[in-house]
Amino acid sequence: MAYFKSEAQRPNFIQQEEEILELWDRNKTFERSVDHREGCEKFIFVEGPPTANGLPHPGHILTRVVKDLVLRYKTMRGLYVERKAGWDTHGLPVEIEVEKELGVNSKREIEEYGVEKFNRKCKDSVFRYEKEWVNATKRVGFWIDMDSPYVTSDNEYIESVWWSLKEIWKKGLLYRGHKVVPYCPRCETTLSSHEVAQGYKEVEDPSIYVKFKLRQAKEQGQEQEHVFMLAWTTTPWTLFGNVALAVHPEHTYVKVEVKEKEKADEKKKEILILAESRLGTLEGEYEITERLRGKDLEGKEYEQLFDVPVEGKSHRVITADFVTLDEGTGVVHIAPAFGEDDYGVCKEKGLGFSQPVDSKGRFTSEVPFPDLKGVFVKGADKRIIEMLEQRGILYKESTHLHSYPFCWRCGSPLLYYARESWFIGMKSLRDNLLANNEKINWYPSHLKYGRFGNFLENIEDWALSRERFWGTPLNIWICEKCGAECCVGSIEELKEKAKNFPFPQESDANLDLHRPYIDEVLLKCEKCGGEMRRVTDVIDCWYDSGSAPFAQWHYPFETEKFKQNFPASFITEAIDQTRGWFYSLLGVSTAIFDVPPYLNVLSLGHILDERGVKMSKSKGNVVDITSIFNKEGAGADALRWYFFTIGPPWEDIRFSEPAIAERQKKSLNTLWNSYFFFITYASIDKFNPNAKKIPVDKRSAMDRWIMSRLNSTIKGVIEALERFEIHLAGRRIEDFVVDDLSNWYIRRSRRRFWVTEENFDKDCAYLTLYEVLVALCKLLAPFVPFITEHIYQNIVRTISEDALESVHLCDYPSHDESLVEQELEDSMDLVARLVEAGRRTRADAGIKIRQPLKAVVVVCEAEKMEEVRGLAAILQDELNVHEVQFADVNRKSEFSDMENYKQVDVNEGTTLFLDVSLDKGLREEGLVRDLVRRVQGMRKDIDLEYTAKIRILYEGDEEVKEAIKTFSDYICEETLAVGIEKGKPPSSVKGEQIYEKKWKIGDKVVWLGVVEAV
RNA sequence: GGGCCCGUAGCUUAGUCUGGUUGGAGCGCUCGGCUGAUAACCGAGAGGUCCGGAGUUCAAAUCUCCGCGGGCCCA
C-alpha cells in the first residue's frame, strides 16, 4: 500500500495552492467535475459578464468566489452545472477609455479620426486586461469555462440581440419618441438612468428667486401695482427655455405686498404671488393682501423674460400636481426642453417648445445676447444672474447645496434635454414585470418587494438608443422617401433585403456588424421601393447583457442549448445590479418571452475600505487584491474563507487584511493541524483506514459524539447553503472544526493514539478521526477548494486507487440521522460545563490543574446523572481527580456542609463539589506530574522525534527522590524514558550530550537532565 | 428630496423576525492555568450611552415614530 506522505507542520499554503492549480490543469478536473454529472438534473447558471477593460476590483473577486461556492456546492450535490464565461464588450465606458488614449474629446473628433479605426481600437481595448481577469479568476479558484465564453460584440451575439429587438418591434413596443432624457453634452449622447445614478455629486449651485411679471388687463386701473409670480430655480440657464409657470391646483397661494423701506414712495406697489407655506423664503416685511387657490391662477399670462422664439402658445400659469411645497416658492418655472415633467406637462396642456441650446450644451443664436452664443450653459449662470439683477427681476440670490448628476465617465455635468430617442415600452409591461418578479426568489428577500419591486411599480420606458459608435447597432432602417420602418432580425434577412452588401457574400468570416460598415448597408423599401437607411444609433449595452440568457447560445438560430438552459436557476451579482443587470435580464425576458429569466437571485454587498467608505478608483482606496494571493498567511483559500464567513453575503464588507490572516489562522490552520495530527500518528502506526471496518455504534461515546456532531453540522450546513446563508454554513463548520474536533475530540482522544500496541479502541479512534477528516474535506470543498483538495489527495487518493481523483468530483456529504444522538450531544455539553465549573473552582482555590485531587461530586437529578455517568471518565481526567461521584439533588446539603468541599453551581439543578483537601500522596503525585511536564518540555526543546527514547537524570531533595521512586514507572511511560537516575553528570554519563535545566517547582529546586537513549 | 439596507466593547461580530434571567463570542489588553497536533487552548479580569431622542409595554438592543452616521438605489 502506498502510504500517507508526511507533511510540514506549518506548510506554505501559497505554494500548495499553486500545486493544486497545476494538478487541476493536468487532470482537467474542472471539465471532469462538470461532465461527471452529465445527464443529471440541471442547475442553470448565467454569468453576469464583466468588462475586461480595467483590472478586477475586490468586489469582482467577491462575486466570483460566491458564484464558485454555489456552483461547486450544487455540482457536489449531484446537479449538472455548466458554466459559460462571458464578456461585456460594448458601451460608453469602452469608448471613453479609447478617447482618452487617443486624446480626443468629442464626437466630431472621433468622426475625423475615423469610426472604423476608432471601433477597432475599442474592440482591442476590451480585452486589454483579459489576461489579468483570467489569471485572477483561476487563481482564486473560480471554475468557469473561459475557453468558449460569450462575447457581446460577436456577430452571433449581435444577431440574437437583433432577433430579440425585432420581436419587441413586432409587438409594437420599440418606438421612436421625443423625450427629455439625461444627456451628456460632452459625449453627446443620452444616458440610461443607471448610468446617471452613478454620477451624482454634491455641488453648490446658484439658487435664485425670479419675478415673472403678470400681464394686467388694461381696464383694471392704470396706476396700480406690479404683480409678479415668484419662482425659484437652481439652473438659471434654463430660464431661456421658459414656457410656463406651474402652481399646484389645490394648494393655497397668497398675494403679498412687499414693504420696501427706501423706495417705497417713488415706486408703484409691488405684489408677489407665492405659496402660503413658502412665505418663509421672503425677506423683509410684507403684508398678505389676498389668499387664493392655485387653480385660481391658472391661465394668467406673464411677460416673457428673454426674447427667445417659442413655437406655439406660451407664457402662462398652468397647474400641475408635481409641484411640491418642500422647496422654492410653490411656483415652478417650466422649460419643456430641459425637464421631464416640464416636457410632459407642456405637451398635455398644448404649450409650445423652445430649444435655445445645441447638442453640445451651448446656447444657440436664438438667445438674444450675442456674447452668450456658443457658451456652455452651465458656465453662463453668473452672466444670467447679472442680467436679471439689472432688470430688477431678481428677487433673491444665494447658493444651494444639492446633488446633481455628472457623466459617470467623463465628469461633465449632465443636462436634462429633450431628444429624439428610441424606447422600449416597458411601462405597458409593468404588470407582466411584476407577475414575473413574483416567481423569483430574492436573497435577501426584502429586495423583492422593496427596492426591486418598487422600481418595477414605477417603471419607465427604456431609453434604448445611444448616439455613439461602439455598440450593437440599432437594427432599424427607415425609408428616406416614405418614412416606413424596417427592423432586421437576422444576418440572413439583412442579406436578403440589402440593396448593397459591403461584405463578402459567401463567408461570414469578414462580416462585422458594427459601425461604420453596417451604416453603408441600404435596404429597399417594401412599401414604396425607396431607399432605406439605418438609424445611426447603437443600443444601450445593458440591453446586450440583458440578452445573455438567449444570446449566449445564439438563439433562435441555434435552439437546443437555449431550451435546456432557460430560465436560470441562479444568478448573483452585487446590489448595484438591482436596477442594472437584474432588471435588464427581467426586462428583456419579459418583453420577449414573458417569463422570469432567473428563479433565484442573490444580491451581494459591496466592499468598503477599512474606514467603511466604498472602494473606488476615484477615491484611490482600491486595494490590490491579487497581492493577497502571494502573501504568507493569506492565499486564495484564506481570502475566500474570509469573504464567506465575515458576514451575510448581502451585507457590505469592511475589507481588512489582518482579518483575513486572523480567520485563516483560526479555521484553516486548525483544520490543518487536525489533519497533521492524524498524519503524524497514522504514519507511526501505519494505520490503514481501508483495512478496518467498525460500525459507529460499536465505538466509544467520544467517537459516537463527534460523529453525531459531524452529522448535525452537515445538516445545518446544507440548510444554510440552500438559503444562501453562506456565512452561517461557514461558521457552523468553523465551530465544528475548532471546538468539537480540535479542542475537544482530538484533545480528549490524544492518548488513545499514543498507545503503542494495537488495540480496538485505537482503531476506533483512528477510524473516527479519519472519517471525520474525509467528510470535512468534502464539506469544505466548495468553500476552500485548495486545502481540501490537498488533504483529500493525501488521505484518500494515496491509499485508495479507485477513489475519485478529486474531492470536487465527490458527492457532498449528506447527513445520516441514525448517527445523530442528541442526548449524547446534550450530555457532552453538560460535561463540558462541569469541567468549566471545576476549573473555575480550582482557580478560586488556588490549586492548579496539574495537582491531582481526591474527588469531585456531581449533584444533579437522577435523569441527568444517568446521561453523564458514561462520560465520567472525561470529567475525571479533565479535572484531574481520582474519583467522580454522583449524588441525587436531595443530598446536596450533605456536601455543602463539609469544609473540604468547594461548591459551584453549574446550572439549575446541577451542582459540583470539589474536594480540595490534599494529603502527602496527592502532593507527591502533583510533584511527579510537574516533573513529567518539565521533561516533556525538554524533549520538545531539543526537537526529539515523538518516538525517541530517553534517559532522565535528576537532582532533588528527599521528597523529590521519594516521589520519583514511587512513580518511576509512570514517569518513564509518560516521557518514553528507559530509566530515571539520580545523579549529576559528568560523573555518571560519559561522552553523551546532555540537555540540562534547573527548575523551580513550588518551593523546590530540581535539576533535570535529558539524554537520548541509544 | 424619496426608497431600501446597515449601525451592539478599540476592532470583527451573535442576539432583533417571535420583547422576558446579569447583552453573548472572537481578536487585542492584564493576571492565572494547561500543553509532545495546534503561533492553539482553558479560567479570571478590565472594556458596552446596544448611534441619539421620544413613544408603546409590567418589561425594549429587539416593536413604533423622529433624528444622526454609513452604504446602495432613485430623483
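Chain identifiers are assigned alphabetically (A, B, ...) following the order of the sequence lines, protein sequences preceding nucleic acid strands; residue numbering begins at 1 within each chain. Hydrogens, waters and symmetry mates play no part in the numbers below; they use all other heavy atoms, side chains included.
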Paired nucleotide for [N] [Watson-Crick or G-U wobble; both distances under 3.5 Å]:
N	result
B:A9	none
B:A44	B:U30
B:C4	B:G71
B:C63	B:G55

Rounding to the closest angstrom, what is the interatomic distance between [N] and [M] at atom [atom1]?
N	M	atom1	answer
B:A9	B:G24	P	14 Å
B:C11	B:G28	P	16 Å
B:U22	B:G3	P	38 Å

Report yes if a side-chain nitrogen or oxygen of [X] is closer than 4.0 Å to either non-bridging phosphate oxygen (OP1 or OP2) of [N]; otherwise report no.
X	N	answer
A:K940	B:U38	yes
A:R731	B:G26	no
A:Y675	B:A37	no
A:R10	B:A39	yes
A:R747	B:A37	no
A:W754	B:A37	yes

Side chain of [X]: nearest nucleotide among [options]?
X	options	answer
A:S674	B:A37, B:C34, B:C42	B:A37
A:K665	B:C72, B:A39, B:C6	B:A39
A:E662	B:G71, B:C27, B:C73	B:C27
A:L608	B:G71, B:U38, B:C5	B:G71
A:I646	B:G71, B:A37, B:U13	B:U13
A:F676	B:A37, B:G71, B:C73	B:A37
A:R839	B:A37, B:C42, B:C72	B:C42

I'd like to know whether the aromatic ring centres of [X] and [Y] sit less than 6.0 Å apart in this structure.
X	Y	value
A:Y766	A:F753	yes
A:Y675	A:W672	yes
A:W650	A:Y443	no
A:F678	A:F4	yes

Would you indicate what [X] reaches in the nucleic acid, counting non-hydrogen atoms under 4.0 angstrom: base, sugar-phosphate, or nothing?
X	result
A:R933	base
A:I746	base
A:E945	base
A:Q936	base
A:S656	nothing

Item to check | A:W650 vs A:Y681, nearer the 5' end of RNA chain B by closest nucleotide | outcome: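 With A:W650 and A:Y681 compared, the 5'-side residue is A:W650.
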Next on the checklist: I want to confirm an ordering. Mapping A:E836 and A:P648 to their closest nucleotides on RNA chain B, which one lands closer to the 5' end?
Outcome noted: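 Taking each residue's closest nucleotide, the earlier one in sequence belongs to A:P648.
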Checklist entry - Within the modelled atom types, does a donor on one side and an acceptor on the other bring the side chain of A:S742 and the base of B:A37 under 3.5 Å apart? => result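 Checked by distance alone, the answer is yes.
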Next on the checklist: With hydrogens left out and only the distance checked, is there a donor-acceptor pair under 3.5 Å joining A:R654's side chain and the base of B:C11?
Outcome noted: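 Under the 3.5 Å cut-off, the side chain and the base do not form any donor-acceptor pair.
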Next on the checklist: My understanding is that only residues two or more places apart in sequence, or in another chain, count here; which of them pass salt bridge (charged side-chain N to carboxylate O under 4.0 Å, His left out) with A:R934?
Outcome noted: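 A:R934 satisfies salt bridge (charged side-chain N to carboxylate O under 4.0 Å, His left out) with A:D930 only.
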Using whole Å, what does the distance between atom [atom2] of nucleotide [N] and atom [atom1] of [X] come to?
X	N	atom1	atom2	answer
A:E7	B:U38	CD	P	15 Å
A:D342	B:A75	CG	P	15 Å
A:Q577	B:C5	CD	P	20 Å
A:Q664	B:A39	CD	P	13 Å
A:Y449	B:G3	OH	C1'	18 Å

Checklist entry - Can you name the side chain to side chain donor-acceptor pair (under 3.5 Å) partners of A:K665, sequence neighbours left out? => result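 Applying side chain to side chain donor-acceptor pair (under 3.5 Å) to A:K665 gives none.
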Next on the checklist: How about NZ on A:K5, more than 12 heavy atoms from neighbouring residues, nucleotides or ligands closer than 6.0 Å, or not?
Outcome noted: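 Correct, the count exceeds 12.
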